[in-house]
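In what follows, a structure is listed as structure tokens, so that the remarks can point back to it.
Counting begins at 1 with the first residue of the sequence. Read the numbers this way: they start at 1 and go in the same order the structure lists the ligands and their atoms.
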Amino acid sequence: MKVRVLGCSGGIGGQDLRTTSFLVDDDILIDAGTGLTDLSLDELAAINHVFITHSHLDHIVALPLMIDSVARLRDTPVTVHASASTIDMIRAYIFNGVIWPDFSEIAIRRCKILTYEAIHVGQQVRLGRRNIVAVPAVHTVPAVGYHLDSGDASLVFTGDTTVNDLLWPIINQIANLRYLIIESSFSNRDEALARRSRHLCPRLLFAELDKMTVTAEIFVTHLKPGQIDIITAELSEPEERLPPGILRKDQVFEF
Ligand SMILES: [Zn+2]
Ligand SMILES: [Zn+2]
């Protein structure tokens, strides 16, 4: 599997800051933040499956535009996989005929443009040799992360989450784990805000990582613009720890 980071910022502001979106091989997308808007039309049209972590705008904002742009270029629907409650929210508030057309009801040459597949935590979606499993997240709205397993190795992306005791026993069972992408949206001085908005800061992140009993290369994502320097400094403060990497736009993972 090849995962290309299209966007991994907690906001926008300049060419390097795009919100969350990962392209898996050529045909799968994890979240549809503003990073998606950098793909060419051909690349957009090749995406068959979109896995959404949660309904927040920074993770779905480019989805309606993508669906519209590729509608006439495809002969199979784009399948959006998400929890049932996330699908309900996307249908009610985005593809509702007011903000954007309900593309699940529109067909071109008798082909539906968009279909939804509800998933739940622990459910495996197998696409060829590739396996994608939703893992639990704790956020202000229903949310999941995703475990991507190529058969040889695994990558876990937590999505937006705060302290999450349900996640670690699952991660600790992944024998072939190679990469963990976990968020730290705020700096330590905003710990109260991080807790309230159900995110992490470096102090909370390290306490979470202490629950991990398997080893993996760790990358931190979703840093809020304007806080990148301070969060990065705080992540390298503990002398007893190897500092985690900071996830970069255009970074590629092959596993
Ligand atoms: Zn969120
Ligand atoms: Zn977010």
- Note: E191-R203 ion pair, threshold 4.0 Å (strictly below): yes
- Message: Testing the 3.5 Å rule here: is there a donor-acceptor pair between the side chains of D149 and N176?
- Response: yes
- Query: With a cut-off of 2.8 Å, does H54 place any N/O/S atom under that distance from the Zn ion (ligand 2)?
  - Reply: no
- Rounded to the nearest 10 degrees, what's the angle ND1 of H56 makes with NE2 of H139 at the Zn ion (ligand 1)? Could you check? 90°
- Working to the nearest 0.5 Å, report the span between OG1 of T76 and CD1 of I113. 11.5 Å
- Query: How about T213 and N172: does a side-chain donor come under 3.5 Å of a side-chain acceptor?
  - Reply: yes
- Task: Report, rounded to 10°, the angle at the Zn ion (ligand 2) between the two atoms OD2 (D58) and NE2 (H59).
- Result: 90°
- Query: What atom name does the N, O or S atom of D160 nearest to the Zn ion (ligand 1) carry?
  - Reply: OD2
